[in-house]
Participant: 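One structure is given below, represented as structure tokens, and several questions about it will come after.
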Amino acid sequence: MSNPPRLLAEDRADFARLLDEALRDTGVRQALAEPGAHLTAEQLHTKALADADTVAAPAAPEYAHYLALRTALAEHPGSTPPAGAGLFPVLTVLTPVLAGAAGLVLLLLGWLLRAAAPDLALGRSTVTAGVLALAVAAGALLVGGAGLVLTALRDAATTPGHADPQQHADLAEARAAWRTALRERALLPWLHANLAAAPAIAPLPAARTAPPDLHSPGYSRAAYSSPGFSSPGAEGLTDSQGHPRPAEFTGPGYSSPDFTSPGPEGLTDDRGHPRPEGPGFTGPNEV
């Protein structure tokens, strides 16, 4: 067929079951067990389900015949939608209710009047009207029941309750023919044709540099050196390039300032040093 019908959703379950049966076929299992690069059963199953319409195309004539019979069986050409309710069905329903209610009211009222005034003619007339209303209600009820029975018999005669058994037999035969064609002419050849296809190889991930083995005998830590930096040093400690000088370091000379404090006359000299000889003491009488 130039344009094969697409598999309907309700038929894909049959396709999946037949695919599982085909994968368990002896020839397919032997081909899967052979060494070499080929697709696995799971890969074939996934690929066939994803492309079910193409795989089932060789069995398209049987599938089209099966669909035509199924559609014809689902339709009921003799059945027509029910017509709207007419005046007669409405009257057959309302008349018994209204006449029965009126008859009961009239009977009750007539009995009350006859009990209150037996000689009053109105009481007898009211009872008679109630009896007539009840008779009308009973007649309308009988007519309505007869109409319902006739309507049910007419509907049973015009609308088929069951389809022709021959149609069911033809449909089952068409389904079996489609399933056989799908397995023998579609699935098994497709599986054998796709077994030789090499599986797709996923690209390898980028190689990552392995970290060095710190415990290997040939491993040595990387040598780190600080950048050459010179800071201005004190005179005599570093040279012009910032390297330390081998010369000895001498601290700055320190000497206390000459300080003379005023001392008592005769104890210190004019420079503040103590005199070696004691002070001359003169008594109060010395002038």
Side-chain angles (χ1 to χ4, degrees), residues 3 5-18 20 49 52-53 56 60 62-179 182:
N3 294 320
R6 296 176 60 86
L7 284 177
L8 300 181
E10 55 266 31
D11 297 324
R12 291 186 179 270
D14 287 342
F15 180 86
R17 283 193 294 268
L18 290 174
D20 294 336
L49 289 180
D53 294 331
E62 289 79 4
Y63 184 59
H65 180 60
Y66 170 54
L67 285 182
L69 290 180
R70 190 170 65 184
T71 303
L73 185 61
E75 295 176 352
H76 299 287
S79 63
T80 56
L87 180 61
F88 180 75
V90 173
L91 292 177
T92 56
V93 173
L94 293 179
T95 302
V97 176
L98 296 177
L104 291 177
V105 172
L106 290 174
L107 280 178
L108 181 61
L109 183 59
W111 289 336
L112 291 175
L113 289 174
R114 291 181 63 180
D119 298 334
L120 189 62
L122 182 59
R124 291 191 299 269
S125 302
T126 305
V127 171
T128 304
V131 172
L132 291 176
L134 290 177
V136 172
L141 185 61
L142 290 176
V143 173
L148 290 176
V149 172
L150 292 176
T151 303
L153 292 176
R154 183 187 60 188
D155 293 341
T158 56
T159 303
H162 300 283
D164 188 2
Q166 185 61 35
Q167 291 181 346
H168 283 285
D170 294 341
L171 181 63
E173 184 179 354
R175 184 187 180 192
W178 170 63
R179 288 168 62 90
L182 182 62

Participant: Please report the interatomic distance OG(Ser125) to CG(Leu106), rounded to the nearest 0.5 Å.
Facilitator: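 Rounded to the nearest 0.5 Å, the OG-CG separation comes to 11.0 Å.
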Participant: Could you report the tightest heavy-atom contact between Ala140 and Thr95, atom names first, then the distance?
Facilitator: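 Heavy atoms of Ala140 and Thr95 come nearest at CB-CG2, 3.3 Å.
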Participant: Do you know which two heavy atoms are closest between Tyr63 and Leu7, and how far apart they sit?
Facilitator: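 Taking Tyr63 first and Leu7 second, the nearest heavy atoms are OH-CA, 3.7 Å.
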Participant: Asp11 and salt bridge (charged side-chain N to carboxylate O under 4.0 Å, His left out): which partner among Arg179, Arg70, Arg6?
Facilitator: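 Filter result, single survivor: Arg70.
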Participant: What's the shortest heavy-atom distance between Ala174 and His65, and which atoms?
Facilitator: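 Looking at all heavy atoms of both residues, the shortest contact is CB-CD2, 3.8 Å.
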Participant: Any salt bridge between Asp14 and Arg17, counting N to O under 4.0 Å?
Facilitator: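 So Asp14 pairs with Arg17 through a salt bridge.
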Participant: Would a distance-only check, ignoring hydrogens and angles, find a side-chain to backbone donor-acceptor pair under 3.5 Å from Asp170 to Leu69?
Facilitator: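 Side chain of Asp170 to backbone of Leu69: no pair is present.
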Participant: Please find the pair of heavy atoms, one from Ala102 and one from Ala133, that lie closest to each other, and give the distance.
Facilitator: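 For Ala102 versus Ala133, the nearest heavy atoms are C-CB, 4.2 Å.
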Participant: Of all the heavy-atom pairs spanning Arg114 and Gly123, show the shortest one and how long it is.
Facilitator: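 What the structure gives for the nearest pair is CG-C, 3.7 Å.
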Participant: I want to check something: taking the side chain as every heavy atom from C-beta on, are Leu67 and Leu8 in contact at a cut-off of under 4.5 Å?
Facilitator: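 Sidechains of Leu8 and Leu67: in contact.
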Participant: Take the angle between the ring planes of Tyr66 and Trp178 and call it parallel below 30°, perpendicular above 60°, tilted in between.
Facilitator: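 Correct class here is parallel.
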Participant: Might you point out which heavy atoms bring Gly100 and Leu134 nearest each other, and give the distance in Å?
Facilitator: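 Result for this residue pair: O-CD2, 3.7 Å.
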Participant: State the CG-OG1 distance between Leu132 and Thr128, to the nearest 0.5 angstrom.
Facilitator: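 Answer rounded to 0.5 Å: 7.0 Å.
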